[in-house]
**Q** 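Quick one: this structure, given as structure tokens, is what I'll be asking you about.
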Amino acid sequence: MSRIDTYLHELNEPQREAVLENNRPLLVLAGAGSGKTRVITTKIAYAVEVLGLRPWEILAVTFTNRAAKEMKDRVTDMLEGTDVSDMQIRTFHSFGAWLLRRYGSSIGLSNTFSIYDDEDSLSVLASCYPESKKAELSPVAKAISLAKDMGLDPESPELADFRRDHVFRKQFADYEKKLRQVGNVDFADLIGRSIELIESDKQVAAMVHRRFKMVLVDEYQDSNMSQFKLLKSLVGPHTFVCVVGDDDQSIYRFRGAEVENILSFPDVYPNTRVVKLEQNYRSTKNILALASKVISRNTGRHPKTLWTDKDGGEPCKLIHVSDERAEALRVAMELRRNGNYDNAAVLYRTNAQSVAFETLFTQSGIPYKVIGALRFYDREEIKDSLALLYILMNRNDEVNFKRMVNKPTRGLGGVSIDKVLDVAFSRRCDPIAALHTSVDEGILTGKAATGAAKFASLFDEAELRMQESNSEALRYLLEESGLVDHYKEQDTRNKTDKTDNLGTLVSTVGEYPAGKEGLGLFLESLMLDPTMIGHKDPSDKAGVSLITMHNTKGLEFDRVFITGLEEGVFPGRSSESDADIEEERRIFYVAITRARKEVFLLACSRRTMWGKTAYQTPSRFLQEIPRDLVETEGAKRESSVFSAGYGGFGALEAKRMRGDAYSTAVRKGTGRNANIILSPVKDFTSNGGQSSSSGDAGGAFSLGDRVYHDAFGEGEVQGIKTIRGKEMVDVRFATGKISTFFSDRAPLEKLARD
């Protein structure tokens, strides 16, 4: 039996059909846990070994870097002995960057363009409207990004219906003009400008159609309209196209994903063959019965029924508790009873719900990890360092120029910077050249001139050092700009490790080839996968996973606790239309199908959010579940886990946990509707209960600063005051909680400013 025959033999019949169909458009409807990755990788191996396609003639696209890496690793193993290095297995955005780097000059793009993230894009928009505050422009920047994902531009007639704001079209146009002026792209442009390139350059289109004889798209239910258009442009008259996905798992509508793309695929690509993968290899029969009943209420879907050879398994449990503290304790009890923390996950609709679990788990010694928390890339010192590299790559980068030209302070205030930018505009030169001109012609004098000359000279020297080593170039920029000394001072004052983070970045840059091409590859890789530096994947850490339902896509656990099943929480208050509710129901379905062995559903009678306590109604999704599919514990109203049994903890331990974890609670008002706000006096964090002073303290906080607290998540500085000679800062967190900290020992990490 040949190698490929062995792979085919391991597939079930529908999976095999999907691999062997290569003559007409193919839609593979892959239910949760049905082995779709195996189908895609086997299909690629079959195309190379049996159909005779060369690896570089295959393009496989998915939506996450992790999925793309896993897919390429599997294909490499399956085709051992075959060079697959030039096979394109990428995310949509990575493929767009690859295409634009090579052929973007056709539409006026340099191959050294930088990719702007959301913060950079907001800065571009703010530079167009300096009289407006960033907080006012932030919704506009988000709307522009969403419009691009929907395939719209400033001239699109549909823009009037997209946003009923008479100035939005002009704001969009001004933003685009500025973006093209600096020669960079935003994240959405990686798709939109790739479409522009293929549609405007017939030679590029012909090259793409000749090269890629097979185009595969994974997770197609997550595609937006812009990605739909890119796929259409990539498929030539002789291209085999196959998309794999599950309309029941389309949960990214809020960021432009269009479930209609997968529903309408057979209409868009005539003569499509549809293959359904319905055998589930992950979950028990009881879990699949619950999931199937939940999703069956949706009307916008391809009918399919998941089934499994596994036995019934443990019954799914529905648990009613009094409030979010009781919810956390009930989960903790169940976790302690089993003890297998690494294969358990607590799922919630919003990050704000994690606080009660983090606090109680820390107090009770249950190891945990927060998936999707603060990223290395978001730290202020890293954003500053990368800004210097972006300027080194593209001296027209006004956004990063304005960020760094006077950081640390070198005498260039707002008036001086405006003078320099006026020179750049009038002389049609980049801001770095404008600094030289401003000094030479006496436009800047004194300290401003000295600071300008030194900052401008950094990049000439760094460019020379870059030919030897990119890490050497970055080390030079960090030391000579004063950033190293700036952050050393903060580390000494606050006992932080910001300079260590700078060292990590320098080392990571050094792993890429010297020169602009290598540096561009590093910056592109970082932009497309911001988790690549600074720390291990948080999922590698031991302990219970605390994670939003959206972030669970592609993951699976033995035990899953789905929390906050109340109206206004899940589904949220903003879910009003039928389409909104169907999306929320799909999120519930995805959450359930993450479980291999056990599912626990939890709902509170009352919940404190944004500083206010309110009575809760069980989620409508719970009303849709037949009672025979779940074992119910507690009453819908006023049930209390504390008056019931205490499982493996025992009554005294549960009482101690309840009291100690929340003994510092400050209650405002009286009675059952009292507002509950946790005091900052005792902050429980993920490092064994020790608060870590990791912020920029000692007067370094400013109004509006975004900060991060290990237990309470992200927040914003809303007040600064001095009491008895001590500076204190007031912070409002996403939960609604407001806490006051001493500046010189605040357990806060300052994030990069918007």
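Values below: all heavy atoms of this structure, side chains included; hydrogens, waters and symmetry mates excluded.
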**Q** Using the side chain to side chain contact (heavy atoms under 4.5 Å, CB included) definition, which of the options Ser127, Pro431, Ser123 pairs with Lys402?
**A** Ser127
**Q** Take Ser223 and Asn261, measure what side-chain hydrogen bond (donor to acceptor under 3.5 Å, both in side chains) needs, and give me the verdict at the end.
**A** CA-CA 7 Å; Ser223 62; Asn261 289 351; 3.0 Å; yes
**Q** So do Ile251 and Met549 actually touch side chain to side chain, heavy atoms under 4.5 Å?
**A** no
**Q** Can you tell me if Thr91 uses its side chain to pair, donor with acceptor, with the backbone of Thr62 under 3.5 Å?
**A** no
**Q** Do any N or O atoms from the side chain of Asp730 and from the backbone of Gln718 form a donor-acceptor pair under 3.5 angstrom?
**A** no
**Q** Mind checking what makes ring pair (Phe, Tyr, Trp, His ring centres under 6.0 Å) contact with Phe228, not counting sequence neighbours?
**A** none
**Q** Does one side chain, of Tyr390 or Asn184, offer a donor that lies under 3.5 Å from an acceptor on the other?
**A** no
**Q** Is Lys383 salt-bridged to Glu380, cutoff N-O under 4.0 Å?
**A** no
**Q** Anything under 30° is parallel, anything over 60° is perpendicular, the rest tilted; go ahead and classify Phe570 against Phe588.
**A** perpendicular
**Q** Would you call Glu524-Arg101 a salt bridge at under 4.0 Å N-O?
**A** yes
**Q** Given 3.5 Å as the limit, does a donor-acceptor pair link the side chain of Arg90 with the main chain of Ala68, or not?
**A** no
**Q** How long is the gap from OG on Ser385 to CE on Met404, to the nearest 0.5 Å?
**A** 7.5 Å
**Q** How close do Leu197 and Gly104 get, heavy atom to heavy atom, and via which atoms?
**A** CD2-N, 4.4 Å
**Q** Any side-chain to backbone donor/acceptor pair from Arg163 onto Arg169? Under 3.5 Å, distance only.
**A** no
**Q** In Å, rounded to the nearest 0.5 Å, how long is the span from NE2 of His93 to CD1 of Ile191?
**A** 4.5 Å
**Q** Kindly give the heavy-atom pair with the smallest separation between Asp430 and Arg395, and that separation in Å.
**A** CB-O, 3.2 Å
**Q** Kindly give the heavy-atom pair with the smallest separation between Thr563 and Leu347, and that separation in Å.
**A** OG1-O, 2.7 Å
**Q** For Asn396 and Phe113, run side-chain contact (heavy atoms from CB on, under 4.5 Å): C-alpha distance rounded to whole Å, both residues' side-chain angles, the deciding distance at 0.1 Å, then the answer.
**A** CA-CA 10 Å; Asn396 277 310; Phe113 65 78; over 6 Å; no
**Q** Quick check against the 3.5 Å criterion: does Ser233 have a side-chain atom that pairs as donor or acceptor with the backbone of Ile195?
**A** no
**Q** Parallel, tilted or perpendicular: which describes the rings of Phe172 and Phe168, with under 30° parallel and over 60° perpendicular?
**A** tilted
**Q** For residues Val707 and Phe741, determine if any side-chain heavy atom of one lies less than 4.5 Å from a side-chain heavy atom of the other.
**A** no
**Q** Can you tell me how far CD of Glu381 sits from CG of Leu483, rounded to the nearest 0.5 angstrom?
**A** 10.0 Å
**Q** Does Arg706 pair with Glu119 as a salt bridge, N-O distance under 4.0 Å?
**A** no
**Q** With a 4.5 Å heavy-atom cut-off, do Glu566 and Cys604 have their side chains touching?
**A** yes
**Q** If you count the non-hydrogen atoms of other residues, nucleotides and ligands that lie under 6.0 Å from CD in Glu716, is the total more than 12?
**A** yes
**Q** How about Glu131 and Tyr129: do any of their side-chain heavy atoms sit closer than 4.5 Å?
**A** yes
**Q** Taking all non-hydrogen atoms of both residues, which atom of Val182 and which atom of Leu179 are closest, and how far apart?
**A** CG2-O, 3.2 Å
**Q** Is the shortest distance from a Lys or Arg side-chain nitrogen in Asp174 or Lys178 to a carboxylate oxygen in the other one below 4.0 Å?
**A** no
**Q** Could you grab the distance from atom CG of Asn394 to atom OG of Ser114, nearest 0.5 Å is fine?
**A** 5.5 Å
**Q** Rounded to the nearest 0.5 Å, what's the gap from CG on Asp161 to CZ on Arg164? Could you check?
**A** 5.0 Å
**Q** Check whether more than 12 heavy atoms from other residues, nucleotides or ligands sit under 6.0 Å from atom CG of Asp578, and answer yes or no.
**A** no
**Q** So Tyr220 and Val61, do their side chains get closer than 4.5 Å, heavy atoms only?
**A** no
**Q** Using 0.5 Å steps for rounding, measure from the CG atom of Asp117 to the OG atom of Ser145.
**A** 11.0 Å
**Q** Can you check whether Gly192's main-chain N or O pairs, donor with acceptor, with Asp189's side chain at less than 3.5 Å?
**A** no
**Q** Between Ala434 and Val423, what is the shortest heavy-atom contact and its length?
**A** CB-CG1, 3.9 Å
**Q** Under a 3.5 Å cutoff, is there a donor and acceptor pairing between the side chains of Tyr487 and Asp500?
**A** no
**Q** Set out, in order, the CA-CA distance, both residues' side-chain angles and the distance that settles side-chain hydrogen bond (donor to acceptor under 3.5 Å, both in side chains) for Tyr116 and Asn400, then state yes or no.
**A** CA-CA 10 Å; Tyr116 282 162; Asn400 286 304; 4.9 Å; no
**Q** If you define the side chain from C-beta out and look only at heavy atoms, does anything of Glu584 sit under 4.5 Å from Arg349?
**A** yes
**Q** For Tyr252 and Asn224, run side-chain contact (heavy atoms from CB on, under 4.5 Å): C-alpha distance rounded to whole Å, both residues' side-chain angles, the deciding distance at 0.1 Å, then the answer.
**A** CA-CA 9 Å; Tyr252 296 115; Asn224 57 40; over 6 Å; no
**Q** Ser250 side chain to Gln221 main-chain N or O, any donor-acceptor pair under 3.5 Å?
**A** yes
**Q** Is a salt bridge present between Asp384 and Lys498, judged by a nitrogen-to-oxygen distance below 4.0 Å?
**A** no
**Q** Could you check whether any side-chain heavy atom of Leu555 comes within less than 4.5 Å of a side-chain heavy atom of Ile547, counting everything from C-beta outward?
**A** yes
**Q** Can you list the steps and then say if Asp222 with Phe92 is a side-chain contact (heavy atoms from CB on, under 4.5 Å)?
**A** CA-CA 11 Å; Asp222 294 334; Phe92 262 113; over 6 Å; no
**Q** Over all heavy atoms of both residues, which pair between Phe455 and Ile432 is shortest? Give the atoms and the distance, please.
**A** CE2-CD1, 4.1 Å
**Q** Ignoring hydrogens and angles, tell me if any N or O in the side chain of Asp491 forms a donor-acceptor pair with the backbone of Thr499 under 3.5 Å.
**A** yes
**Q** So with a 6.0 Å cut-off around CG of Asp153, is the heavy-atom count from everything else above 12?
**A** yes
**Q** Quick one: do Arg253 and Asp580 make a salt bridge, cutoff under 4.0 Å?
**A** yes
**Q** Let's go through Gln353 and Glu324 carefully: what are the C-alpha distance in whole Å and the side-chain angles of both, what is the deciding distance for side-chain contact (heavy atoms from CB on, under 4.5 Å) to 0.1 Å, and is it a yes or a no?
**A** CA-CA 8 Å; Gln353 293 168 247; Glu324 68 273 13; over 6 Å; no
**Q** Check this for me: does any side-chain nitrogen of one of Lys148 and Glu176 sit under 4.0 Å from a carboxylate oxygen of the other?
**A** yes
**Q** Answer yes or no: is there a donor N or O on one side and an acceptor on the other, between the side chain of Asp705 and the main chain of Ser702, under 3.5 Å?
**A** yes
**Q** Determine whether a donor-acceptor pair (N or O, by modelled atom type, separation under 3.5 Å) exists between the side chain of Asn406 and the backbone of Leu412.
**A** yes
**Q** Should Tyr368 and Val346 count as side-chain neighbours, where that means a heavy-atom distance under 4.5 Å?
**A** no
